[in-house]
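This structure is a prediction, so every number in the text was calculated from the model and none was measured. Below, chains carry the letters A, B, ... as their sequence lines are ordered, and counting in each starts from 1.
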Amino acid sequence: MKITRQDVENVALLSRLEMTPAELDSYAVQLNAILEYAEVLNKLDTTGVEPTAHVLPLKNVMRPDAVKPSLSRELALANAPEAEDGYFKVPKIMEG
Amino acid sequence: MELFKYTVHALHDMLIKKEVSAVELAKAVFARTDAVEPKIHSYITETREQALAQAAAVDAKIARGERIASLAGIPGALKDNICTKGVKTTCASKILANFVPPYDATVVDKLAAQDAVITGKANCDEFAMGGSTENSGFFVTRNPWDTDRVPGGSSGGSASSVAAGQAIWALGSDTGGSIRQPAAYCGLVGLKPTYGRVSRYGLVAYASSLDQIGPITRDVTDCAIVLNAIAGHDAKDSTSINAPVPDYTQALVNDVKGLKIGLPKEYFGAGIQPEVADAIKQAVNRFSAMGAEVREVSLPHTQYALPAYYLIAPAEASSNLARYDGVGFGHRAAGSDIIDMYKKTRSEGFGDEVKRRIMLGTYALSSGYYDAYYLKALKVRTLVKQDFDQAFAEVDVLITPTAPTTAFKIGELSDPLAMYLQDICTIPINLAGLPGVSLPCGFAHGLPVGMQIIGKPLAEATIIQAAYAFEQANDYHTRFAPLGEV
């Protein structure tokens, strides 16, 4: 599968990354090279093979539903790029 | 000999005999850093004031006649993707350049319980993505054996700090070889524990199903001591293994008689530098002479592990790094609306390698390609793991090179794919969640060569014993980087 410049543009949008035209071209070349290398996987018959997302047999871990101290509002906001009146501040999301 | 050249265990003995104080030791390490940091660039953030306070507290304990832990008063560095309360944790990324965590990682809590002295936060590839520390968002770290060469990565600052005497031990993190490969390039011991053996709580996530914290040290004894300090179940990490933790120093036994060693033939083929292959073969001969049984084994899906990793790890990274949006923490760029703000923030904050992996992972997970790439890679992961299961039915440990070459020159591997191939010997171990240790086993053209010993799940004690026996029969671990002689 060949990645086109338009594919890269679409993936950049999904990734929330802004790219210059030169970067789009460059990433197209690099991603194609990496995915071409990954094509070797298709030579392998994996019919009937279960996928391994995780090596441990994971299960939900529960803890008692007890009240515990949490971060103070000041501490939670301490790393915020912008805060106002005790809230994280972001550019407006809705029109109007 | 200068204090900064000693091991953890030697310094512990000196502290309890009052031959040196913890404050003197910390100051000796800082003086060493003053001398070499301009050439090496190991640290992003130093924590000298805090370290001196920690050292003074240990001296007070000793003065009161209290027993101290093995790591008490011994200076060590932390990779800068391990969260430290009140101390910047940047992941070597501009996007987290000013991030100060409000909490400590579990390993940091455990080190504090041991009264360890923390010298600072070590440079690394941005978000642990890379094999050279050239991808740091701030500066390149250099190899103390040859400052024109990389220290390896991504835990390059952790490794260089120990090799150059700027720390006595260090913690790194290993997603595809990021502890073992820099340990190999810097002539040190580096251990990636079994996945889940050490808590990942407070380790900034890159690829969650692969990441694991572990020690980088001067010798195998120190490795066992640091692993003792950080291993164990943690309720804060849902992937933490709830199993008893042995005392790993009990595995420091100079005996490999009857140990069954497997040599996977796929790890000695094309791409392995002949000097590296020779050093490993000589090391294996040494094991045979010590009474181990060596046989060739096959891990037939080895060639598929690297491409599978470079789909799985970026896929997980693209998900984990979605949180860097300029809202809750980290860098924010101005934007005309929120989507524009996200895009500008992430484009300014992330470096090329991080963007490349986010793009690759997003593509592999996107509609229409998920089955062909991500799901396929997960199935291949199953086959890679099955290979190891079958090999470990026959042998106790596997031995391979840690990296296909010795440390390469800064700027030498500009092609991303060529760089990815440097991880070819370490990545399969992460896919299978196994423990692996790298230790020096020779030199090629004046540069250290690393040997990797791989064990069954939770068999850290076995690989430590094998590594210790080899170390006792050689003196590679006693040699210092040329910079150590300046």
Side-chain angles (χ1 to χ4, degrees), chain A residues 1 3 7-8 10-20 23 26-27 30-31 33-56 58-63 71-72 74-83 88-95, chain B residues 98-100 102 195-196 209 235 238-239 241 301 303-304 307-308 310-311 318 322 325-332 335-344 346-347 350 355-356 358-360 362-363 366 369 372-373 375-383 385 415-417 420 431-433 457:
Chain A
M1 272 174 271
I3 291 194
D7 290 332
V8 178
N10 185 40
V11 173
L13 176 65
L14 290 172
S15 307
R16 300 290 185 258
L17 290 168
E18 193 172 65
M19 301 247 164
T20 63
E23 282 176 320
S26 162
Y27 277 107
Q30 290 172 7
L31 295 184
I34 296 165
L35 291 171
E36 198 176 304
Y37 176 65
E39 283 298 320
V40 69
L41 300 183
N42 288 326
K43 291 182 184 162
L44 205 54
D45 181 8
T46 52
T47 311
V49 176
E50 288 295 313
T52 298
H54 213 279
V55 289
L56 295 179
L58 285 180
K59 57 179 173 39
N60 269 346
V61 178
M62 312 294 275
R63 64 168 172 79
L71 288 183
S72 67
E74 290 70 29
L75 211 49
L77 289 170
N79 280 294
E82 214 176 335
F88 294 101
K89 191 176 178 186
V90 295
K92 70 175 180 181
I93 294 169
M94 299 175 74
E95 295 293 331
Chain B
N98 296 308
F99 176 62
V100 179
Y195 182 83
S209 80
S238 64
T239 59
I241 293 176
H301 296 98
Q303 63 166 312
Y304 303 105
Y310 277 104
L311 293 171
S318 71
D325 57 7
V327 174
F329 47 81
H331 172 73
R332 173 189 288 192
S336 54
D337 56 36
I338 195 154
I339 300 293
D340 193 46
M341 187 272 278
Y342 290 156
K343 286 164 70 175
K344 286 192 164 66
R346 291 163 63 79
S347 298
F350 292 139
K355 286 180 193 169
R356 189 157 34 243
I358 289 173
M359 296 277 286
L360 186 57
T362 303
Y363 183 75
S366 63
Y369 302 107
Y373 289 114
L375 192 62
K376 183 80 180 179
L378 292 185
K379 289 180 176 181
V380 172
R381 183 179 191 177
T382 305
L383 298 174
K385 185 174 179 301
D415 171 33
L417 203 49
Y420 296 170
L431 288 177

Between [X] and chain A, which part of the residue has a heavy atom less than 4.5 Å away: side chain, backbone, both or neither?
X         : answer
Lys385(B) : side chain
Ser238(B) : both
Leu417(B) : side chain

- In Å, rounded to the nearest 0.5 Å, how long is the span from CZ of Arg16(A) to OG of Ser347(B)?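 It comes to 11.5 Å.
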- Query: Out of Ile93(A), Leu17(A), Val61(A), which one racks up the most heavy-atom pairs below 4.5 Å with chain B?
  - Reply: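 The residue among Ile93(A), Leu17(A), Val61(A) with the greatest pair count is Leu17(A).
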- Task: Just give me the residue among Ala80(A), Ala38(A), Ser15(A) that pairs up with chain B most often, heavy atom to heavy atom, under 4.5 Å.
- Result: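 Counting heavy-atom pairs under 4.5 Å, the top option is Ser15(A).
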Do the side chains of [Y] and [X] get nearer than 4.5 Å, heavy atoms only?
X         : Y         : answer
Asn98(B)  : Asn79(A)  : no
Gln303(B) : Val40(A)  : yes
Met19(A)  : Met359(B) : yes
Asp337(B) : Lys92(A)  : no

- Task: Output the option from Leu311(B), Val327(B), Ile358(B) having the highest count of non-hydrogen pairs under 4.5 Å with chain A.
- Result: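 Greatest number of close heavy-atom pairs with chain A: Val327(B).
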- With sequence neighbours left out, write down each residue that passes salt bridge (charged side-chain N to carboxylate O under 4.0 Å, His left out) with Arg356(B), or none if nothing qualifies.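 Partners of Arg356(B) by the salt bridge (charged side-chain N to carboxylate O under 4.0 Å, His left out) criterion, ordered by chain and then number, come out as Glu353(B).
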- Query: For Asp340(B), which residues count as a salt bridge (charged side-chain N to carboxylate O under 4.0 Å, His left out) partner, sequence neighbours excluded?
  - Reply: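 Result, salt bridge (charged side-chain N to carboxylate O under 4.0 Å, His left out) vs Asp340(B): Lys344(B).
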- Could you look at Phe88(A) and say if it's the side chain, the backbone, both or neither that has a heavy atom under 4.5 Å from chain B?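 Contact with chain B involves the side chain of Phe88(A) alone.
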- Is chain B contacted by the side chain of Leu13(A), its backbone, both, or neither, given a heavy-atom distance below 4.5 Å?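 The answer is the side chain of Leu13(A).
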- Message: Please check: side-chain N/O of Arg332(B) versus main-chain N/O of Pro81(A), any donor-acceptor pairing under 3.5 Å?
- Response: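 Such a contact is absent between Arg332(B) side chain and Pro81(A) backbone.
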- Query: Does any N or O in the side chain of Thr382(B) come within less than 3.5 Å of the main-chain N or O of Glu50(A), such that one atom is a donor and the other an acceptor?
  - Reply: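 Side chain of Thr382(B) to backbone of Glu50(A): a pair is present.
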- Please name the residue in the list Val49(A), Thr47(A), Leu41(A), Leu44(A) that meets the side chain to side chain contact (heavy atoms under 4.5 Å, CB included) test with Lys379(B).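 Answer to the side chain to side chain contact (heavy atoms under 4.5 Å, CB included) test with Lys379(B) among Val49(A), Thr47(A), Leu41(A), Leu44(A): Val49(A).
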